[in-house]
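Worksheet for the structure shown next.
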Amino acid sequence: AQKITQTQPGMFVQEKEAVTLDCTYDTSDQSYGLFWYKQPSSGEMIFLIYQGSYDEQNATEGRYSLNFQKARKSANLVISASQLGDSAMYFCAMREALMDSSYKLIFGSGTRLLVRP
Amino acid sequence: DAGVTQSPTHLIKTRGQQVTLRCSPKSGHDTVSWYQQALGQGPQFIFQYYEEEERQRGNFPDRFSGHQFPNYSSELNVNALLLGDSALYLCASTPFREGVYGYTFGSGTRLTVV
């Protein structure tokens, strides 16, 4: 079975600095996809960035980048130039195949990020 | 363009009661998936609805059931509530062909069972 592990329950970062949120995964599949979501206190999960296992380059989306190390099975999220609005829960997720070839997401336990002014 | 709308936002129920949660998908989306997020944990997949049928189901008991209507909206029903059913219930809609890549989540319904 696939598994996502996020070992940092909480992180602090100073405004305008960069921060790395850790994610390791376990899968026996050769083809897989990794996602990062942000969950503010309002509750909705906001998609941030996606990395496919065969993507040759690390994914980037604005201030978000994904440090993908396939051999280590890690997919860490890097947020550059942190802003106060970045304070939220962050979840790493992986797609997992369902019986009809569609997918569901399996999530890690999340990291709470607090940005200090 | 409205995103995913869930109602109610908060709900308090007594153990043993039944509850119905509702989800209106984003315009253009025809597939709805439900996730349960217990406090301090990541969301867990409950089931997925497409073409008014339950297509796939996670590891949840039969007390959890659902429905999808012709307008693609969906309901999640939980019978014989247990204290452990207290959680944030998230609905994610997507165009069927996009699957998880097209997910838009609602803000959830926070259910408290006392």
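Below, chain A is the first sequence line, B the second, and so on; all start at residue 1.
Among Lys73(A), Arg72(A), Lys3(A), the one residue that satisfies the salt bridge (Lys or Arg N to Asp or Glu O under 4.0 Å) test with Asp26(A) is Lys73(A).
Contacts between Ile106(A) and chain B at a heavy-atom distance below 4.5 Å are absent for every atom of the residue. The part of Gln39(A) that comes within reach of chain B is its side chain, from C-beta onward, which places non-hydrogen atoms under 4.5 angstrom from that chain. For Tyr35(B), the part lying under 4.5 angstrom from a heavy atom of chain A is the side chain only. For a residue to count as touching a neighbouring chain, one of its non-hydrogen atoms must lie under 4.5 Å from one of that chain's; by this rule Phe47(A) does not touch chain B. Of the two parts of Gln48(B), only the side chain, counted from C-beta on, holds a non-hydrogen atom closer than 4.5 Å to a non-hydrogen atom of chain A. With a 4.5 Å cut-off on non-hydrogen atoms, Gln37(B) touches chain A through its side chain but not through its backbone.
For the pair Arg95(A) and Tyr103(A), the cation-pi criterion (under 6.0 Å, within 45° of the ring axis) is fulfilled.
The backbone N or O of Gln8(A) sits less than 3.5 Å from a side-chain atom of Thr111(A), completing a donor-acceptor pair.
No close placement of the Phe45(B) and Phe60(B) rings is indicated, their centers lying 6.0 Å or farther apart.
For the options Pro43(B), Ser33(B), Gly42(B), heavy-atom pairs under 4.5 Å to chain A are most numerous at Pro43(B).
Counting heavy atoms of neighbouring residues, nucleotides and ligands inside a 6.0 Å radius, atom NZ of Lys16(A) does not exceed 12 of them.
Between atom CD of residue Gln44(B) and atom CD1 of residue Ile46(B) there is a gap of 9.0 Å, rounded to the nearest 0.5 Å. Here Thr7(A) contributes atom OG1 and Asp22(A) contributes atom CG; the two are 5.0 Å apart, rounded to the nearest 0.5 Å. Interatomic distance, Leu113(A) CG to Ser82(A) OG, rounded to the nearest 0.5 Å: 6.0 Å.
Using non-hydrogen atoms only and a strict 4.5 Å limit, the part of residues 70-108 of chain B facing chain A consists of Leu88(B), Leu90(B), Val100(B), Tyr101(B), Tyr103(B), Phe105(B), Gly106(B), Ser107(B).
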